[in-house]
Amino acid sequence: MRISELLSLQAVDVNASVASKAEAIDYMTRLMEKSGNLNDREAYKKGVLAREEEGTTGIGEGIAIPHSKCAAVKRAGLAAIVVKEGVDYESLDDEPADLIFMIAAPETGANVHLEALAKLSTILMDTEFKEALVKAATAEQFIRMIDAKEDELDGKNEKKALEQTQGGYRVLAITACPTGIAHTFMAAESLDKKGKELGISIKVETQGADGAKNVLTAEDVSHAECIIIAADKKVDLARFDGKRVLITKVADGIHKAEELIQQAVGGNVPIYHHSGAAQTDDAQEAESVGRRIYKNLMNGVSHMLPFVIGGGILIALAFLLDDYSIDPANFGKNTPVAAYLKTVGDFSFGMMLPVLSGYIAMSIADRPGLAVGFVAGLIAKSGSTFSNPAGGEVNAGFLGALFAGFAAGYLVLLLKKLTSKLPQSLNSVRPMIIYPVFGILTGAIVTTLINPLMGMINDGLTNVLNSMNGTSKVLLGMVVAGMESVDMGGPVNKTAYVFGTSQLAEGNFEIMASVMAGGMIPPLVIALCTTIFKNRFTQSERESGLVNYLLGLSFISEGAIPFAANDPLRVIPACVAGSAVAGGLSMVFGCTLRAPHGGIFVLPTIGNPMLYALAILAGSIVGCLILAVLKKPLERDNK
């Protein structure tokens, strides 16, 4: 499939006028809709914004490639705009973007369009061609130029297939990004181009959305001096055991290709041992200790949340469908349907701590850490002690599982190091016997050892929370709810959310109620303000504001992100204030929540549901009024 087949005249504007990144994305989703590629523009736009949260698609050199692969896309397509004066797109090089392509990929079906998207990413690496596109006078000329460049690229690829030398490649590389669409192929092209300039033969495997292309063979690996891994997602490195491996982020593959290739052939890259000693620090991307801890923790949390959300909502439904009057002491299991939902929900919810611990350990020590982390998490969950291995004496809880995950991961790393000098013939013994047996045993001993301490901390926190009546309890509700609005889905928001879900296991249901109330407020503030104070917003903002009613009621804070990104100094303080009011009132009213998600859809399961709804309404109104005061009416020309 050619690029021109995805790019219609209706989806190209060579004289676009947009004042911000948010405005550019909104305008381009409208072009995409106009070309007939979308089922639901708002849902597609939400997908694009979610991708931007993972990391900007402003790749630098004046180029941005926002994209989304979701069910809202009817058929694959492209949209393109040229912003002659440039627009701040929060690009990696902090320079304005003047050429923006937007990619829409369907969630299911054939991925033939990805070949065209790979070509697009490749041709944009030609600086002269990119500048020529920016100067195109019409949409027709813009598309003709791309067609001609694609013909040229196809000819080069045919020639390149015949150019591999008999001795193989000096350098191999793998490029991969989370979505596998744009950055993957741009990094590959940059490395390939720079290799030719330096006279160093290089082969690049792309692990894109439609699978691996230009796959590195065993023969390639045997001849190569070094392998560059330019990736922002996990790449299987088993086939590179015993080779020099340089690991970095995909953006470096785009912007630091020459530096990476020179380092690869310089001989200073450490040798990677997949099932022996842990990879040396020099082979990893330089990261602070805090950053590595955060990534390991988030790996555990992201795998834990589906169990918490699914199990929590099933438990909430069990209470909703049960009959309290049958047996108050057995509430939640008095009827067959409720009993089944409650049992399944308990199973799912009970997986929370082992999964958290297991995937933290796996993030640290790779696959050998998973089993050790799971078992350590189960021991923390059960509260095992040396006097009572069956557990039940202490409440290690969330903190215990957290500690167990990190302990398990680093214990496996230690085992790898201690066994790295074993003969090569015993390589298979390490993953099959040493890591699981000694890893699980040592992980269990360490977790059992610290369980009493974690239990004391947990009991202390529980007692403090239970004793927080009146002002102090209201203050706690205000703080956790306000945190939900600080970055609307970012680390601060997630910290409050994880704290709330951890307290569900401790029976502190009021905190989760305040957290969810705080997370519902930002979209509702935007929706109310765009409805009541219309003169503060553009027509497109007012239209976007309507969908925030549904997003807010569904506990999806991210709906307010475009507005916060466009005007953070006004929107964020207003939303934080509204969330704090809602969270504080939820505590005042004694509202409780057993389900960690669901918004209005789990309202019947909330303790004091009408007062909870009142708390959310009050917070939304307060935030709306503050935002209306902070934002001034627009000039008539800007409406």
Side-chain angles (χ1 to χ4, degrees), residues 19-23 25-26 46 49 52-53 90 474-497 513-588 599-600 612-635 638-639:
S20 66
K21 176 179 179 177
E23 196 172 317
I25 290 175
D26 183 75
K46 180 184 173 186
L49 293 172
E52 293 296 325
E53 277 195 71
E90 302 172 5
V474 172
L475 179 61
L476 176 64
M478 294 176 68
V479 169
V480 295
M483 289 172 68
E484 286 287 294
S485 285
V486 170
D487 51 4
M488 304 173 195
V492 176
N493 171 288
K494 289 294 185 286
T495 298
Y497 182 76
S514 290
V515 169
M516 190 168 83
M520 294 170 70
I521 295 301
L524 293 177
V525 166
I526 297 299
L528 280 178
C529 205
T530 54
T531 300
I532 300 171
F533 300 97
K534 295 182 178 180
N535 61 348
R536 268 78 168 171
F537 302 90
T538 64
Q539 176 63 31
S540 63
E541 286 175 331
R542 292 196 293 271
E543 292 174 1
S544 299
L546 293 175
V547 75
N548 276 279
Y549 281 111
L550 178 60
L551 296 176
L553 293 174
S554 302
F555 184 33
I556 301 175
S557 309
E558 288 82 355
I561 286 176
F563 294 85
N566 196 37
D567 192 5
L569 296 180
R570 295 180 178 85
V571 173
I572 293 177
C575 291
V576 169
S579 291
V581 169
L585 287 176
S586 175
M587 282 290 192
V588 169
I600 195 173
Y612 190 67
L614 178 62
I616 292 171
L617 178 61
S620 301
I621 292 173
V622 168
C624 171
L625 293 176
I626 293 175
L627 183 56
V629 170
L630 295 176
K631 285 183 75 73
K632 303 301 179 186
L634 299 177
E635 298 291 337
N638 295 328
K639 293 182 180 180

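Hydrogens, waters and symmetry mates are skipped; everything else that's a heavy atom, side chains included, is used.
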Side chains of Leu614 and Leu585: closer than 4.5 Å at any heavy-atom pair? no

Is the closest side-chain heavy-atom distance between Leu627 and Val571 below 4.5 Å? yes

Can you name the closest pair of heavy atoms from Ser620 and Val525 and give their distance? O-CG2, 3.8 Å

Rounded to the nearest 0.5 Å, how far does CD1 of Ile521 lie from CD1 of Ile526? 12.0 Å

For residues Glu52 and Ile25, determine if any side-chain heavy atom of one lies less than 4.5 Å from a side-chain heavy atom of the other. yes

Interatomic spacing from OG1 in Thr530 to CG in Asn548 - rounded to 0.5 Å: 7.0 Å

Quick one: does any side-chain atom of Ser586 pair with a main-chain N or O of Ala582 as donor and acceptor, under 3.5 Å? no

Return the minimal non-hydrogen interatomic distance between Ala628 and Cys529, and the atom names on each side. N-SG, 4.0 Å

How long is the gap from CE on Met516 to CD on Glu484, to the nearest 0.5 Å? 10.5 Å

Should Leu49 and Glu53 count as side-chain neighbours, where that means a heavy-atom distance under 4.5 Å? no

State, with a plain yes or no, whether a side-chain heavy atom of Leu625 is found less than 4.5 Å away from one of Phe533. yes

Work out which heavy atom in Ala560 is nearest to a heavy atom in Pro523; give both atom names and the distance. CB-N, 4.0 Å

Which atom pair, heavy atoms only, marks the closest approach of Ile616 to Leu524? CG2-CD1, 3.7 Å

Where do Ser514 and Val480 come nearest, in terms of heavy atoms and distance? CB-CG2, 4.1 Å

Testing the basics here: between Glu90 and Lys21, what is the closest heavy-atom pair and its distance to 0.1 Å? OE1-NZ, 3.4 Å

Check this for me: Lys631, atom NZ, are more than 12 non-hydrogen atoms of other residues, nucleotides or ligands nearer than 6.0 Å? yes

